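Below you'll find the structure, written out as structure tokens, and then a few comments.
Quick caveat, the model's predicted, so the values are computed rather than measured.
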Amino acid sequence: MRISRLIINNFRVFPGKYEFDFSDKQLILVGGPNGHGKSSLFDSIQWCLTGEIRRYRGTSEYLNFNYLINENVLNSQNGRINASVEVWLETDSIIHKITRTVQKSRTAQTTKVRVNGENYGVKEGNLKICGILFRGGNDELQANIEKTKLLASYFSTTQLLSQDQLHEFILTSNPQERFTLMEKVLGLDKYGSDFGKYLMESIQVIKEEKGRISTERQEIRDSWLEVSTQLNEKETLQHKLGETTEKEIVEELAVLHNNIKQFGVKTPDKMVPLSSKLNEDILLMYSTLRRNVTTRLDEFDRILLTLQNAKSLFGLTEGQFNREQQELKDKILALDTKKIRRKKGVLLGSKNRTELDVMIQKNRDYVAKQREIQELNEKVKQVEDKIIAIERNPNVLIAKDRFGDIKIFIEEYNKLKKDYLEIEIKSDLFVRERNLLELGRQMDEKNLQKEKLQTLQDQTLKSLNAIRIELSELTGKINSGKENTIAQMIHDIQHSLLDQLEDSCPVCGTKFISSDNLHTAVRLKWEEASQKLTVLEQDVMKLTGQKNELDRKLKQIELDTKLIDEQIAAMKNMQDEHQIKIEQQKALVVNWNEEDSEAEIDRLKNALKIELDNYLTAFNLVNNLDEDRTDLLSRINERAIATNWCVEQEKVVGRRAHYLNSEELLVNKIKKVDQYLLQAKSEYEQIINQLKDQTDQLMALEQKWNEQAFKTQEIKIMIPDFNQSDPKIEVWIGKFNQQKAVLGSFDTKTKQVLEKAEAFLSKGDITKIKKEELTLREGVKAKDEENKHFETLEIDVENLRTRHNEIRSTIMTDYLINYSEIIDQLFMQISPHAIYKHVHLIPRDGKLYVLMSEISSKDASWAELSEDELAKKFNASLTFSSAQANVLAICIFLSLALSQQWTPLEMIGIDDPFQNMDDINVFSFIDVISQVVTQKQVLISSHNEDFVSLIKNKSGLESEKIGYVHFQSYSRDNIDLETNCKVVNIEE
């Protein structure tokens, strides 16, 4: 069974509908950057087939379905929104089509399942899916219901591996948690954690039964104790009754009744007359009378308690109260007057303090303004001195005498400067025109040189053509070999070097000190070679040398011509620049006269220069005189404003004006005010406290008097003859204590007589009570036996629970035998560790240790090690790097996937397995995958395009058997995919 098609609609990052055809694909490669939807592709398959995405369990998104529906679709549409995934599972004979849909509205959300064209609810749909996925899917209903509970766990551990699912299993530091996880992976939790849960629930039920039995036993025992006490009391009463007759009991009751009536005890409404016979009515009547006696005794206690509590209240007489009340009121009135006067003083002082605080800032501003006035005075003096110095300067006086006025002098001097500038421009024009003529002459010379080079080039070309013809004729007659060719090259180079100045020959390597030595050495070599040639060969070599010389000459002519052209172009640019500058300068001159000679211009320039230099000092002094005068007026104005501000401030503060210019006086005044306020506030607080104390005393006095009046009313209700003016509290207390004592003795006597009467009447009840006591005693014994049974059962279950971890470890060991060898082989093949190449999963007492070693499990004796020794071994959870843990997790997953027998679905999906792997791990893992694709349909993703390409190239599959889905870009509205799996995006 393989996945042949995947249709995704509004699921997670997929906005809209996307369809993938995997029908003929043995290997599906999913690539693209992180966060673009690769994991969502895996999630869609897992959710459609199992109804869960394991990595989201326990999150708030899981509870609200927010992790399923595309966020953009969810936020942009109103009403009902659907998200769905459809998976086609293809066998040799049939295609199963499974669709899971979640629908969300404002108030509710529902999930539906469709299998092979039929709609189901979630539970029924999951049963149908289990029937397709599980081997033996047509089992009984209850068996399939159990399979639905295991489906998500089986699928996530043998079909699809998420990025962090088994990684967490390896790196968890708690071996017990790892054991529980592995039980779920292997499907052993019904024997492990589930059975352990059953044992715990059984213990809880036993404890609840023990609690029930204990409660029932206690109830029976309480009844038994009550009946036993009642039996003892009746037997004791019979013993006390002795020889007393019925007549004597009746007579005693009659006497007690008469005595009790004297104390105001209430008599029952229907008092049964005494006769010679005792009965239940008489017993009930006198029992009621005794309760009334008890009530009367309680009333005596309340009266006595009230009188005791009232002692302190009645120590205050009316005259004493009136006198103390008036004294307190007078004191309070005096304190109120003093408080008002002191409060006014504090307010006035606070106002003065506030005004003095303002004066501090005014003082600072006033002092700053005075400092500013002083600085302005200094600046005014400086500017005035500067102006006077300029006006009295000898150079300025000379200029003033000549021109009559300073302003006229400045105007004339500026006019001279302008005339001098124009003269300078005219003088520069003469220089530029001379340079222009010189450039023209140089360009003519360069053009003449260029014509000569052109003529020389024509002559050289003519000679070169003649030599080429002659050389061609000679060459045709000679079959030149390799040695002749090489000799010719050496001959040419050495011949050409005769005119060069180097320190060694580039061909033969002869060293030389000077050019003469080089010429001599080369000439000897050349003559030695020439002697070995025939006459014809010498002619060819001679002509070839002449040809090469002419070629070099032509090349030199071309270089010289190019250099002259560049020089002419540069001169032309300079000529154009000079011409433009000349025209620009002519435009600056107002009165341009072509007839002015250069000598006349130089004479005028020198005369104006002398004139300007004579009056330069005077001009520089008086040029900014107006600015200095303006600055002087500005400073004087600022000084006037500052002075006026100071005068205004003095008027504003009035009598405190002397503080403006003296911070010391102001500070001293503030200190005095602060001292006054401190003392006044302290006195004010003392007055407030005294006033409160006196008021509290008055309130306490009045409260005590009111309590006395209230207590009087309370006592009069109980003692109508009580008088507030003459309370006599102690007398009343003595009287009621005496009555209480007498009535108490009558109450005791009545109790004794009633006990005798009750004993007389209950002679026949003792036998009945004895039977009831025996029955209850047997009931307690039966409950003790039942409780003992459950205690034994609890011990047995606890013993089983203790041995349960051992049983779990044994079961897991048997299961792991089927997987350990495959895990070890895979891990050793990928080989993530340099030393520890073998992995071992060791169950022990409900804990699972992941250990590494240098030897295989066949050679290791792990069973002999204790838990402490296992923990100290090379523990993968403590010492593995992230890459090594990742590889080990993948090995465990692949072993489970390759060995699983629960489903005919031949598919393995691994989401981005290359996390933290180095290159060696990657290559080894890809080799493993290339073996797996021969057995399973493999769906694998990676954010690294190089890894995707490497898997494709090393898989050994034909190209049409390999599918690829590349996530190129991702936005709110669309996912841009490149694929050969016929993806279609249908906008809703």
Side-chain angles (χ1 to χ4, degrees), residues 226-227 229-311 710-723 727-766 769:
E226 182 179 353
V227 171
T229 302
Q230 186 179 359
L231 179 61
N232 291 332
E233 290 176 350
K234 289 187 177 295
E235 288 177 345
T236 301
L237 288 174
Q238 289 294 324
H239 178 71
K240 290 180 178 180
L241 181 61
E243 300 299 328
T244 304
T245 63
E246 180 180 11
K247 183 178 179 180
E248 290 174 345
I249 294 173
V250 172
E251 289 176 353
E252 288 181 13
L253 288 173
V255 172
L256 288 171
H257 177 251
N258 292 328
N259 292 331
I260 289 171
K261 286 194 300 184
Q262 299 176 10
F263 292 92
V265 177
K266 183 179 179 182
T267 302
D269 295 335
K270 295 181 179 180
M271 193 73 179
V272 179
L274 287 172
S275 63
S276 59
K277 296 292 185 180
L278 285 175
N279 55 45
E280 292 293 336
D281 291 337
I282 292 175
L283 187 62
L284 177 61
M285 177 186 68
Y286 276 93
S287 296
T288 302
L289 180 62
R290 184 169 180 269
R291 285 196 296 272
N292 293 341
V293 170
T294 304
T295 302
R296 184 58 176 164
L297 288 172
D298 291 340
E299 290 177 0
F300 285 163
D301 287 335
R302 287 196 298 274
I303 292 171
L304 288 169
L305 179 62
T306 301
L307 291 172
Q308 287 289 347
N309 293 335
K311 282 183 179 182
F710 177 77
K711 187 61 70 174
T712 299
Q713 296 298 323
E714 182 183 355
I715 294 173
K716 279 190 174 183
I717 293 172
M718 295 182 289
I719 308 173
D721 296 334
F722 184 79
N723 185 359
K728 298 180 180 178
I729 296 296
E730 293 295 339
V731 174
W732 287 109
I733 289 174
K735 181 178 180 181
F736 279 102
N737 275 327
Q738 183 181 3
Q739 291 183 9
K740 178 184 175 183
V742 175
L743 185 59
S745 65
F746 289 151
D747 179 58
T748 302
K749 183 64 175 175
T750 303
K751 178 183 177 183
Q752 294 172 353
V753 176
L754 286 174
E755 287 176 351
K756 292 179 182 180
E758 185 178 358
F760 187 84
L761 293 174
S762 61
K763 287 181 179 180
D765 294 338
I766 293 177
I769 294 173

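- No donor-acceptor contact under 3.5 angstrom links the side chains of R291 and T294, judged on distance only.
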Between side-chain atoms of residues 300-310 and protein atoms elsewhere (two or more places apart, or another chain), which donor-acceptor pairs fall under 3.5 Å?
{"unit_1": "D301", "atom_1": "OD1", "unit_2": "K740", "atom_2": "NZ", "d": "2.5"}
{"unit_1": "T306", "atom_1": "OG1", "unit_2": "R302", "atom_2": "O", "d": "2.8"}
{"unit_1": "Q308", "atom_1": "OE1", "unit_2": "K311", "atom_2": "NZ", "d": "3.2"}
{"unit_1": "N309", "atom_1": "ND2", "unit_2": "L305", "atom_2": "O", "d": "3.3"}

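- Residues that satisfy the salt bridge (Lys or Arg N to Asp or Glu O under 4.0 Å) test with E299, not counting sequence neighbours, are R296.
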Below 3.5 Å, can you tabulate the donor-acceptor pairs from side chains in residues 710-722 to any protein atom, sequence neighbours excluded?
{"unit_1": "K711", "atom_1": "NZ", "unit_2": "E714", "atom_2": "OE1", "d": "3.1"}
{"unit_1": "T712", "atom_1": "OG1", "unit_2": "Q708", "atom_2": "O", "d": "2.7"}

